[in-house]
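This report refers to the structure that appears directly beneath it.
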Protein chains: 2
Amino acid sequence: MKLKIPEATIIRLSLYLRNLCEMERKGHVTISSEYLAKSLGIKSALVRKDLAYFGEFGTKGVGYDVKDLHAQILRIFGLNANWNVAIIGEPGLAVFLDNNFKKRGFVISSIFNLDPEKVGTVVNGVRIQAMDSLEATLKGKNTRLVILAVPAPVAQEIADKLVKAGIQAILNFVPVVLNVPPWVKLRNVDLVMHLEILTFCVGTQRVRLVESRGKRPWIGQA
Amino acid sequence: MKLKIPEATIIRLSLYLRNLCEMERKGHVTISSEYLAKSLGIKSALVRKDLAYFGEFGTKGVGYDVKDLHAQILRIFGLNANWNVAIIGEPGLAVFLDNNFKKRGFVISSIFNLDPEKVGTVVNGVRIQAMDSLEATLKGKNTRLVILAVPAPVAQEIADKLVKAGIQAILNFVPVVLNVPPWVKLRNVDLVMHLEILTFCVGTQRVRLVESRGKRPWIGQA
DNA sequence: CCATGTGAACGATTTCACAGCA
DNA sequence: TGCTGTGAAATCGTTCACATGG
């Protein structure tokens with residue numbers, strides 16, 4: 001196994017996985033790198049290179065076994081077992097997310113909110129809790145992953161509490177640069193940024209974004 | 001003005017913008033490429049190159065005028081005036097988003113939902129509407145931008161309606177490859193993908209993601 | 001003197017092209 | 001023959017280094 005893996009490879013791995021679920025559902029037995037590549041608008045050699053970082057999963061002259069490759073990628077992501085996810089703030093997210101999440105190995109195990117009025121409400125079978133039960137609940141439920149969607153002014157303060165509670169990764173929706181220790185993995189999603197990119201694209205017919213060599217609707221947003 | 005602009009440049013432009021708002025609020029008059037670069041963990045030459053795609057905004061020996069650069073980037077994004085945004089599905093998003101959105105030039109002008117029970121409810125001053133009023137409302141309110149967060153099985157069908165209603169750009173949260181005509185700009189955000197990347201990072205101490213040359217917590221997600 | 005703007009060098013990622021095996 | 005796995009080449013993005021000008 002090699003040592004340096006491009007982030008783009010990991011992003012594509014997730015998209016291959018989504019594709020493989022679909023293929024498995026449809027009853028396909030094998031799949032070619034060419035097919036996966038087409039669906040992402042990339043070249044097949046890149047698909048093979050991506051997979052080669054982790055092993056030799058294919059059969060020459062045949063392709064990849066759908067079920068096997070699916071299992072391999074799940075293993076690569078550490079998704080052999082489900083992961084508990086806590087949502088801090090915005091309980092509305094939970095409703096929308098829950099359907100997709102369960103199917104793909106993530107369980108919304110707890111929801112927290114700053115607003116005392118909302119505490120006690122049940123969303124998708126999960127009771128909204130107050131912030132003071134954060135540490136105890138996260139540790140009790142073995143929650144290593146958190147989605148953060150709170151108002152910007154309190155984001156860092158809450159992030160600190162999460163770190164103290166032993167969380168290992170944060171998916172941050174707050175448009176603020178969070179400071180966390182290096183062992184906590186952080187991923188930021190700024191929705192305004194995505195909208196700005198869209199307005200840029202809408203506004204400029206003159207300028208051409210490089211983005212689409214081929215046509216890869218899911219890549220680059222990372 | 002050059003013709004091909006890397007998507008990464010547009011992403012950074014959005015981050016510069018966020019930074020400039022902060023600087024302006026703090027009363028800073030000028031800002032250097034070095035300062036902007038440090039805050040993103042990149043080299044100053046890259047900041048200058050990014051800006052050079054669009055013009056010469058700086059003064060040699062001094063730096064950039066905060067207010068001017070702020071205005072220039074807003075103009076580049078086409079954000080001289082506010083953009084109306086419609087949310088299809090998940091009204092909970094609206095509550096969380098509204099605060100940040102307004103400040104940065106986006107107004108949630110309408111919310112639609114498939115569930116008849118929710119229609120009529122008022123969220124953040126916006127009445128939730130039924131899907132059958134989609135086209136009339138979007139056209140009436142001059143809405144060119146839509147956030148799509150509906151169940152996967154109906155996503156394509158609704159996307160078709162949006163295209164028919166003359167929408168120009170879609171920010172898609174549904175983990176499905178949407179087919180839209182080339183003049184409609186599409187940007188996909190798959191939250192499960194982001195969680196998978198995080199579980200990958202948590203799982204592997206052995207493997208090192210290339211991601212962090214320097215330290216750019218906001219880049220690569222795209 | 002200081003920070004911008006940019007050609008040249010570098011590094012990383014993607015594609016090409018083909019060897020190797022079912 | 002058909003498709004994988006992989007060096008070599010091409011491409012794209014970032015950094016270096018410096019000329020330029022306030």
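The sequence lines fix the lettering, A, B, ..., with proteins before strands; numbering per chain opens at 1.
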>> One pair to check against salt bridge (Lys or Arg N to Asp or Glu O under 4.0 Å): B:Arg18 and B:Glu22. What are the steps and the verdict?
In response: CA-CA 7 Å; B:Arg18 219 171 68 181; B:Glu22 183 77 359; over 6 Å; no
>> Does B:Lys164 form a salt bridge (Lys or Arg N to Asp or Glu O under 4.0 Å) with B:Glu135? I'd like the steps, not just the answer.
In response: CA-CA 8 Å; B:Lys164 195 153 153 285; B:Glu135 187 162 348; 3.6 Å; yes
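Ranked by how close their nearest DNA chain D nucleotide is to the 5' end, B:Val62 and A:Ile31 are led by A:Ile31. Summary of the strand contacts: A:Lys60 and B:Thr59 both lie near DNA chain C, and taking for each the nucleotide with the nearest heavy atom, the more 5' one is attributed to B:Thr59. Nearest-nucleotide assignment on DNA chain C puts the 5′-proximal partner with B:Gly61, out of B:Tyr64 and B:Gly61.
Among the nucleotides D:dG2, C:dT4, C:dC16, the one closest to the side chain of A:Lys49 is C:dC16. The side chain of B:Ala45 sits closest to D:dT15 out of D:dT4, D:dT15, C:dG5. Distances were taken from every side-chain heavy atom of B:Ile42 (C-beta onward) to each of D:dG5, D:dT15, C:dA22; the shortest belongs to D:dT15. Across D:dG2, D:dT20, D:dG13, the shortest atom-to-atom separation from the side chain of B:Pro6 is found for D:dG13.
What separates CD of B:Glu7 from P of D:dT11 is a distance of 21 Å, to the nearest Å. The CD1-P distance, from A:Ile11 to C:dT13, rounds to 12 Å in whole Å. The distance from atom CG of A:Leu69 to atom C1' of D:dC3 is 14 Å, rounded to the nearest whole Å. Atom P of nucleotide D:dT14 and atom CD1 of B:Ile5 are separated by 13 Å, given to the nearest angstrom. With rounding to whole Å, B:Asp50 atom CG is found 17 Å from C:dA3 atom C1'. In this structure, B:Lys43 places its NZ atom 14 Å from P of C:dA12, rounding to the nearest Å. Here C:dG5 presents its P atom at 14 Å from OH of B:Tyr53, a figure rounded to the nearest Å. Between B:Leu46 atom CG and D:dC12 atom C1' the separation is 13 Å, expressed in whole Å.
Considering only heavy atoms from C-beta on, A:His28 stays 4.5 Å or farther from A:Tyr35 through its side chain.
Residue-level contact check: A:Glu56 touches the backbone only, with heavy atoms under 4.0 Å from sugar-phosphate atoms and none from bases.
Taking a 6.0 Å sphere around CZ of A:Phe57, one finds it holds more than 12 heavy atoms contributed by other residues, nucleotides or ligands.
Dashed line: the shortest gap from a side-chain N or O of B:Arg48 to OP1 or OP2 of C:dT4 is under 4.0 Å. Residue A:Ser33 has a polar side-chain atom (N or O) positioned under 4.0 Å from OP1 or OP2 of D:dT4.
Using modelled atom types, no side-chain atom of A:Trp83 and backbone atom of B:Leu195 make a donor-acceptor pair closer than 3.5 Å.
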